[in-house]
Number of protein chains: 2
Amino acid sequence: MKPFHSYQNPSLAVDLVVFGYSKQQLAVLLLNRKEEPFKDRWVLPGAFLQMEERFRDTCSRVLKTKLGMDDVYMEQLYSFDEPERDPRGRAIAVAYYALVNPARVAISAGNMANDVAWFNIRELPKLGFDHHAIFEIALQRLRSKITYFPVGFELLDELFTMPELHELYECILDTTIDRRNFRRKIMDSEYIINTGNKREGAQNRHPDLYKFNKKLKKNSFQINV
Amino acid sequence: MKPFHSYQNPSLAVDLVVFGYSKQQLAVLLLNRKEEPFKDRWVLPGAFLQMEERFRDTCSRVLKTKLGMDDVYMEQLYSFDEPERDPRGRAIAVAYYALVNPARVAISAGNMANDVAWFNIRELPKLGFDHHAIFEIALQRLRSKITYFPVGFELLDELFTMPELHELYECILDTTIDRRNFRRKIMDSEYIINTGNKREGAQNRHPDLYKFNKKLKKNSFQINV
DNA sequence: TTACCTTTGCGTCAGAATAACACAAAGTTT
DNA sequence: AAACTTTGTGTTATTCTGACGCAAAGGTAA
């Protein structure tokens, strides 16, 4: 099916802000560009829409082919339209953000290894295009979202401990949260369930393992910053 | 500047959900289409992006030329990409919503009069394209936004009474809110100021006139539903 | 083994925020 | 003028929240 509008339309791309959490650090996945423009600069992964392709499919394609990721949580963020955002010409970007558990994906393998890397969000390099602005909006959205909806679980293992969840929140929100009040709010929301089990073979202490309550859709909580 | 991507790009349009409030009713502005597809069907106002034009400028152009409106509050909503959303071919729509005071704009004048009309949000006709879905998301966003940020004032006169603001909230949120608790929350936020004046020449009672405190940017409030 | 430290789960309590509601002053209607 | 409606301003009981105590259990070091 061909576009019907009279003039030449702008290029249309998706850009992805992929968040990962490990070792108590929030990180973003960046690609090192091998071509102009912005050669050798780090940028957000992205791709142009292919004919008939939907945004979400383009995102999945990027995550799959470039990064080897499947079944990733993602959400549309915002659409960017600055005329000068791409020096090659007019290009619209529809930005999505994604949450992945780095332990479950194998970025380090493959011939892309040198081109792809996780960066701690506090130590980002200078990014190409308008990707820094996109990243900032994504971070803002993530911070806002986890205070009232349990998206944070997407960044952890299926089973996780309360201290792990607590540290995740403190890390993303960049603040300290009282451990006991945090537990109460999360548990009151009924979004997570105590399995009663403990992690085995752990060198450390053995706190309870919790899991996300997928059946629940409407409850709410509010973590104040 | 020409698009640089290799294949023919989808058409790119903006669609506008224009909310207006008058006579204690929340309304949306619709256009009656005079051409196929969806001839004689009501649709959201919108337009294709012109070269180098930004989303926001396209929105302003639509509001100005089709509806005679200036200086309208608007915010990007979401981007829609269903391949079948436009029967003419692939078209991406970036949706914005706008808040206007119908009393300040003159839709009824002009040769467009028969093509443009306000519809109470509870009595919408069947809409063309995927515009019903767009409208629903806009309504959801508006409802959510007014509970924590003072966008509602955009729908009223510059000076308004507390009962007017209260009714606006009850109407948009489709619920009842205790008059006295509502006042306290709004006033505590310091987003609005009591001018001390009264409306003159009113046949009805004479409650105080309030105005929006434009200087304030960071306070917050929370109207619970 | 024992003494000591750290972490986790659960609980308490005072102060803040909220929902429900009372009341008087002033305008409107009959 | 009497009755009613509306508005501005409280008050109060309850809930929610933040700050923090404590005991049980795991880990560490002598």
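No experiment lies behind these values; they were computed from the predicted model shown. Per chain, numbering begins at 1; letters A, B, ... match sequence-line order.
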#### Entry: Whole-Å gap separating C1' (C/dG9) and NZ (A/K185)
19 Å
### Query
Who pairs with A/F153 by ring-ring contact (aromatic ring centres under 6.0 Å, His included), at least two apart in sequence or on another chain?
A/F160, A/F212
#### Entry: Interatomic distance, B/D188 CG vs C/dA19 C1' [rounded to whole Å]
14 Å
### Atom-pair distance (CZ on B/R183; P on C/dA20), nearest Å
18 Å
## Note on the structure
Residues pairing under side-chain hydrogen bond (donor to acceptor under 3.5 Å, both in side chains) where one sits in residues 144-153 of chain A, two or more places apart or in two chains, turn out to be A/E75-A/K145
### Task
Round to the nearest Å and state the distance from B/M187 atom CE to D/dT7 atom C1'.
14 Å
## Note on the structure
Those residues at least two apart in sequence (or on a different chain) that pass ring-ring contact (aromatic ring centres under 6.0 Å, His included) with A/Y169 are A/F182
## Note on the structure
ring-ring contact (aromatic ring centres under 6.0 Å, His included) filter on B/Y210, not counting sequence neighbours, yields none
### Protein-nucleotide distance (A/H206, atom NE2; D/dA25, atom C1'), rounded to Å
11 Å
### Task
Respond yes when some side-chain nitrogen or oxygen of A/N224 is under 4.0 Å from OP1 or OP2 of D/dT17, and no when none is.
no
#### Entry: d(CD1, A/I223; C1', D/dT17) in whole Å
11 Å
#### Entry: B/L127 backbone acceptor or donor facing B/R41 side chain under 3.5 Å
yes
### Query
Taking 4.0 angstrom as the limit, do A/K198 and A/D208 come out as a salt bridge?
yes
### A/R184 vs B/Y210, nearer the 5' end of DNA chain D by closest nucleotide
B/Y210
### Task
Report the distance from atom CD of B/Q222 to atom P of D/dC16, rounded to the nearest whole Å.
15 Å
### Query
Starting at CD1 of B/I186 and ending at C1' of C/dT18, how long is that distance when rounded to a whole Å?
15 Å
### Query
Considering residues at least two apart in sequence or located in another chain, which fulfil the ring-ring contact (aromatic ring centres under 6.0 Å, His included) criterion with A/F129?
A/F38, A/H131
### Query
For DNA chain C, what residues of residues 159-182 of chain A have any heavy atom nearer than 4.0 Å?
A/M162, A/P163, A/R179, A/R180
### Query
Looking at A/K198, does any N or O in its side chain come under 4.0 Å of the phosphate oxygens OP1/OP2 on C/dT8?
no
